[in-house]
Structures are given as structure tokens and as C-alpha cells.
Amino acid sequence: MNIILLGPPGAGKGTQAQMLVEERGMVQLSTGDMLRAAKTSGTEMGNMVAGVMARGELVTDEIVIGLIREQLQNGSSGGFIFDGFPRTLAQADALGGLLEEFGQTLDAVVELQVEDETLVARVVNRAKDAVAAGRAARADDTAEAMTTRLMEYYKKTSPLIGYYHAKGMLKTVDGLGTMEAVRADIANALQA
């Protein structure tokens, strides 16, 4: 089974992806993790990523799609969870082409819905918890940074909701519940 987890930053996609990895033996393809790993890999693609990141530039679609292609070539008996990819309609089209190229399909797109105010409160509280525990808070765990990230999400990624709805693949889950409740809702959505 191949699925996409969609939702705004802080909605819990990474947490839910990890649960699916543990329960179903799926492989999580998080573009952030893949870029960090590629940067230090020493491969041709990794050197390209390292150069782009060193210059402070955004990684191109071609690079991200190349990283996804490498992962799909390796295969996974449990399937893939796309976390943080696709982010744009062009990337969604590219993913469809890649899956077809490897004789695979996209089985479901699960959207985690969480209100903006809750997302902002989550990151601010995460920063407070880190400081209270004697750890450094993430630099982007501020209300201002989160608001900027949300605006980017609505401009570039939220059109995917309509795109996958039109294809009959979109499943919507309330992301406000406990981790276990959201996990159960995702499991039910994937059964339907």
C-alpha cells in the first residue's frame, strides 16, 4: 500500500507515519529526512543536494523527485508513506508518473485536519516544554514562524486536497484527537 499523508505543518504527519511504519512495515519517505541523508551520502545526488543547501537555495523539484525515484527503485514490501511530498501539483503529477514507471499505484491520500490556532499553540507549547526541560527550543517554534509556514502550505500544498479529492483518493481525518485516536481513524480510513 502506498499512501500520502497531507496536512499543514505540525499536524502530526511524522508521528502518524512512524506508527504506520511500526504497524505495517511501510517505508516512510520524508523529504526532509531524505535531503539530510543525501547531503552526507557522498553520492552524485547527495553532492548536488549539499551544494544547493550550502548556497541557501531551495532544493528543486528535479532533485526531490530524483531522491524519491531512488527510494522507489529500492522497493518496499510494505509500501511507502509519502510525508512532505508531494508539496505542489507538479510534484503530484511527477509522483504519479514515478509510481506508474515502477508498476505501482497510489492507494490513498490521508489529510490530517487541524485548525491553525491549534497548530500555532502546539509549536509555542513545544518550545516552552523544551526550555522547561533544559533543552534548546527549535528556532522555528514561534507563532510568527508557524504563521509563515502555514501561509506557504495554503499557497502551495493545499491545492493537492482538491486534486486528490477529484481522483477519489482523499480520506479526511480529524488530527485533533489523541495520537491513538488519530491512528485508529487513519487505520479506518485506509480500510474504507
Do you reckon Leu20 sits in the same ILVMFWY cluster as Tyr164, going by side-chain contacts under 4.5 Å, direct or chained? no
What are the two closest heavy atoms between Asp83 and Ala17, and how far apart are they? OD2-CB, 4.4 Å
Please round to the nearest 0.5 Å and tell me the distance separating atom CZ of Phe80 and atom CD1 of Ile68. 9.0 Å
Give the minimum heavy-atom separation between Ala143 and Val124, together with the two atoms involved. N-CG2, 3.9 Å
Are His165 and Glu111 close enough that some pair of their side-chain heavy atoms sits under 4.5 Å apart? no
Quick one: CD on Glu62 to CD on Gln91, what's the gap to the nearest 0.5 Å? 9.5 Å
To the nearest 0.5 angstrom, please state how far the CG atom of Leu67 sits from the CG atom of Leu29. 10.0 Å
Report the C-alpha separation of Arg149 and Glu152 in whole Å, then their side-chain angles, then the decisive distance to 0.1 Å, and conclude whether the salt bridge (charged side-chain N to carboxylate O under 4.0 Å, His left out) test is met. CA-CA 5 Å; Arg149 290 169 65 204; Glu152 277 298 296; over 6 Å; no
Side chain to side chain, Thr118 and Arg122, heavy atoms closer than 4.5 Å: yes
Intermediate values then yes/no, side chain to side chain donor-acceptor pair (under 3.5 Å), Asp93 and Tyr163: CA-CA 10 Å; Asp93 286 339; Tyr163 178 88; 2.5 Å; yes
Please report the shortest heavy-atom distance between Val131 and Ala137, naming the atom on each side. CG2-CB, 4.3 Å
Cluster overlap Ile63 with Leu95, hydrophobic side-chain contacts below 4.5 Å: yes
Between Thr105 (side chain only) and Asp107 (backbone N and O only), is there a donor and an acceptor less than 3.5 Å apart? no
Drop me the distance from Thr40's OG1 to Leu35's CG, to the nearest 0.5 angstrom. 11.0 Å
If you draw a 6.0 Å radius around CD in Glu44, do more than 12 non-hydrogen atoms from other residues or ligands fall strictly inside? no
To check you understand the geometry: which heavy-atom pair defines the closest contact between Ala92 and Pro86, and what is its length? N-CB, 3.4 Å
Please answer: with hydrophobic residues joined when any side-chain heavy atoms are less than 4.5 Å apart, are Val59 and Leu72 in the same cluster? yes
Considering all heavy atoms, the nearest Pro9-Tyr153 contact: CD-CB, 3.9 Å
Main-chain N/O of Phe85 paired to Thr31 side chain as donor or acceptor, under 3.5 Å: no
If you count heavy atoms of other groups shown closer than 6.0 angstrom to CD of Glu115, is the number above 12? no
Verify the neighbour count for atom CD of Gln113: are there more than 12 heavy atoms of other residues, nucleotides or ligands below 6.0 Å? yes
Can you tell me how far the CD1 atom of Ile186 sits from the NZ atom of Lys13, to the nearest 0.5 Å? 11.0 Å
Please tell me whether Ile4 and Val114 are part of a single hydrophobic cluster in this structure, the criterion being side-chain heavy atoms less than 4.5 Å apart. yes
Side chain proximity check, Val21 to Val27, heavy atoms < 4.5 angstrom: no
Thr172, Val109, Leu6 screened by side-chain contact (heavy atoms from CB on, under 4.5 Å) with Ile161, the one that passes: Leu6
Are any non-hydrogen side-chain atoms of Leu98 and Ile65 less than 4.5 angstrom apart? yes
So which atom in Ala38 and which in Val49 form the shortest heavy-atom distance, rounded to 0.1 Å? CB-CG2, 4.2 Å
Quick check: do Val182 and Asp174 have side-chain heavy atoms less than 4.5 Å from each other? no
Between Arg36 and Asp33, is a salt bridge (charged side-chain N to carboxylate O under 4.0 Å, His left out) present by the stated rule, with each step listed? CA-CA 5 Å; Arg36 284 185 286 279; Asp33 292 345; 2.7 Å; yes
Arg87 atom CZ, neighbour heavy-atom count above 12 within 6.0 Å: no
Met34 with Met45, same ILVMFWY side-chain cluster at under 4.5 Å: yes
Let me confirm one number: the CG-CG distance from Leu150 to Leu119, rounded to the nearest 0.5 Å. 5.5 Å
